[in-house]
K.L.:
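Below is a structure I'd like to ask you about.
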Amino acid sequence: MEAVFEEYAAFENKVKQSVYIDNLSPLAKESVIKAALDQFGNVIQVTLIRTYLELKGMGRAALVEMQNADEARTIISEIRNSPFMISGMPRPVRARPAVVEMFDDRPRKPDRMIMCYWLKSNDPDFEVATKMKRIVRNHAKEANFLLKTDQNADFRNAGATDGHHARTVGGFRGWPPAAPFPEPQKFSAKS
């Protein structure tokens with residue numbers, strides 16, 4: 001049992017000396033981030049975090065483990081005060097202290113008990129659980145819709161030439177989409 005407490009204490013120490021950095025360029029690799037942050041201290045590990053809901057050209061995030069917590073705080077203050085340079089290009093990168101939930105390999109917290117039980121319809125928590133279930137379902141539908149909309153926009157943009165849509169199906173010759181894409185709407189500003 002003592003080993004479990006020691007393992008979790010070591011993990012908490014790792015969290016304290018780690019920094020979460022987001023809005024990184026998709027071109028930034030672990031070695032480039034490590035080289036850029038080595039000026040603030042000894043970088044132990046860089047872990048890139050995939051963002052599943054963003055398009056391919058969007059920024060990414062990373063967890064950077066430093067030698068100690070002071071180096072992690074230095075990185076956070078420096079990135080907040082000046083632009084972060086990777087390959088000579090400044091990006092509005094953000095840094096903040098890492099938290100336990102950001103780590104996939106976190107150990108189970110000692111003495112944590114999770115109790116599961118069925119709620120009866122007359123229980124006051126039943127209404128809350130029903131609302132949460134509805135919210136989660138709606139969020140999943142919204143996220144799915146946004147991903148499909150973004151994907152459709154990518155297909156339309158891929159087929160565009162000189163501002164006009166190509167008259168191929170979905171912008172790709174020989175690739176039929178599930179449904180035809182709507183024509184872009186024109187809006188006029190009222191004065």
Side-chain angles (χ1 to χ4, degrees), residues 1-87 89-117 119 125 128-129 131-148 150-151:
M1 188 68 174
E2 186 68 30
V4 173
F5 284 103
E6 289 176 10
E7 179 186 7
Y8 196 77
F11 172 72
E12 284 182 325
N13 190 36
K14 175 182 177 179
V15 171
K16 288 178 186 172
Q17 61 194 36
S18 295
V19 178
Y20 173 77
I21 299 175
D22 67 345
N23 201 25
L24 289 169
S25 167
L27 303 175
K29 304 291 182 224
E30 292 176 6
S31 59
V32 174
I33 296 169
K34 183 179 185 326
L37 295 177
D38 266 337
Q39 62 184 324
F40 302 113
N42 187 19
V43 177
I44 299 199
Q45 181 180 7
V46 176
T47 306
L48 290 174
I49 301 173
R50 292 185 59 186
T51 50
Y52 294 100
L53 296 178
E54 293 180 353
L55 297 174
K56 287 185 177 179
M58 302 295 283
R60 298 190 315 183
L63 280 170
V64 181
E65 183 183 355
M66 300 301 292
Q67 185 73 35
N68 57 49
D70 291 334
E71 292 175 356
R73 284 190 292 272
T74 302
I75 288 176
I76 293 168
S77 66
E78 287 295 324
I79 289 179
R80 284 184 181 163
N81 295 331
S82 59
F84 187 61
M85 303 289 282
I86 292 184
S87 301
M89 297 186 66
R91 278 186 71 82
V93 175
R94 297 174 296 221
R96 64 179 186 192
V99 293
V100 172
E101 290 79 15
M102 293 177 179
F103 293 84
D104 288 335
D105 60 343
R106 64 181 177 266
R108 190 175 75 83
K109 189 172 184 177
D111 296 336
R112 179 176 176 209
M113 294 188 61
I114 298 175
M115 300 198 51
C116 299
Y117 56 94
L119 294 175
D125 290 335
V128 174
K131 285 181 184 177
M132 289 299 296
K133 189 175 177 182
R134 198 173 317 124
I135 288 171
V136 168
R137 283 185 182 158
N138 286 340
H139 177 73
K141 288 177 186 176
E142 290 170 359
N144 191 21
F145 172 77
L146 289 173
L147 285 172
K148 285 182 181 179
D150 287 343
Q151 188 178 31

K.L.:
Atom CD1 in I114, atom NZ in K109: separation rounded to 0.5 Å?
P.N.:
11.5 Å
K.L.:
Which atom names give the shortest non-hydrogen contact between A95 and R80, and what distance separates them?
P.N.:
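Result for this residue pair: O-NE, 3.6 Å.
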K.L.:
Provide the closest heavy-atom pair for A98 versus V15 in the form atom of the first, atom of the second, distance.
P.N.:
O-CG1, 3.5 Å
K.L.:
If you measure from CZ on F145 to CG on N138, what distance do you get to the nearest 0.5 Å?
P.N.:
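Rounded to the nearest 0.5 Å, the CZ-CG separation comes out at 13.5 Å.
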K.L.:
For the residue pair L63 and M102, establish whether any side-chain heavy-atom pair is separated by less than 4.5 Å.
P.N.:
yes
K.L.:
To the nearest 0.5 angstrom, please state how far the OH atom of Y117 sits from the CG atom of D125.
P.N.:
5.5 Å
K.L.:
Looking at K14 and D105, does any basic side-chain N land under 4.0 Å from a carboxylate oxygen?
P.N.:
yes
K.L.:
Which heavy atom of F40 sits nearest a heavy atom of E78, and at what distance?
P.N.:
CE2-CG, 3.5 Å
K.L.:
How far does CD of E12 sit from CZ of F5, to the nearest 0.5 angstrom?
P.N.:
11.0 Å
K.L.:
Give the intermediate values and the outcome of side-chain contact (heavy atoms from CB on, under 4.5 Å) for residues D104 and I49.
P.N.:
CA-CA 10 Å; D104 288 335; I49 301 173; over 6 Å; no
K.L.:
Taking the side chain as C-beta and beyond, is there a heavy-atom pair between E71 and I75 under 4.5 Å?
P.N.:
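Counting from C-beta outward, E71 and I75 never come under 4.5 Å.
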K.L.:
Of all the heavy-atom pairs spanning A69 and K16, show the shortest one and how long it is.
P.N.:
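Scanning both residues, the minimum pair turns out to be CB-O, 3.7 Å.
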K.L.:
Quick check: does any side chain N or O of S77 sit under 3.5 Å from a backbone N or O of T74, one acting as donor and the other as acceptor?
P.N.:
yes
K.L.:
In Å and rounded to the nearest 0.5 Å, what is the CZ to CZ distance from R106 to F11?
P.N.:
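So the gap between those two atoms works out to 7.0 Å.
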K.L.:
Within this structure, what is the CD-OG1 distance for the pair E30 and T47, rounded to the nearest 0.5 Å?
P.N.:
6.5 Å
K.L.:
Where is the tightest heavy-atom contact between V93 and D22, given as atom of each residue plus distance?
P.N.:
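Where V93 meets D22 most closely, the heavy atoms are CG1-O, 3.4 Å.
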K.L.:
Kindly give the heavy-atom pair with the smallest separation between L24 and A61, and that separation in Å.
P.N.:
CD1-C, 4.1 Å
K.L.:
Compare all side-chain heavy atoms of Y20 with those of V64 and state whether any distance is below 4.5 angstrom.
P.N.:
no
K.L.:
Assess the residue pair E65 and V43 against the criterion (side-chain contact (heavy atoms from CB on, under 4.5 Å)); give the C-alpha distance rounded to whole Å, side-chain angles, the decisive distance to 0.1 Å, and a yes or no.
P.N.:
CA-CA 6 Å; E65 183 183 355; V43 177; over 6 Å; no
K.L.:
So, do Y8 and N13 sit near enough that their side-chain heavy atoms are less than 4.5 Å apart?
P.N.:
no
K.L.:
Can you find a heavy atom in the side chain of M66 that is under 4.5 Å from one in the side chain of I44?
P.N.:
no
K.L.:
Other residues, nucleotides and ligands only: do more than 12 of their heavy atoms fall within 6.0 Å of CG on N144?
P.N.:
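Atom CG in N144 is packed in, count exceeds 12.
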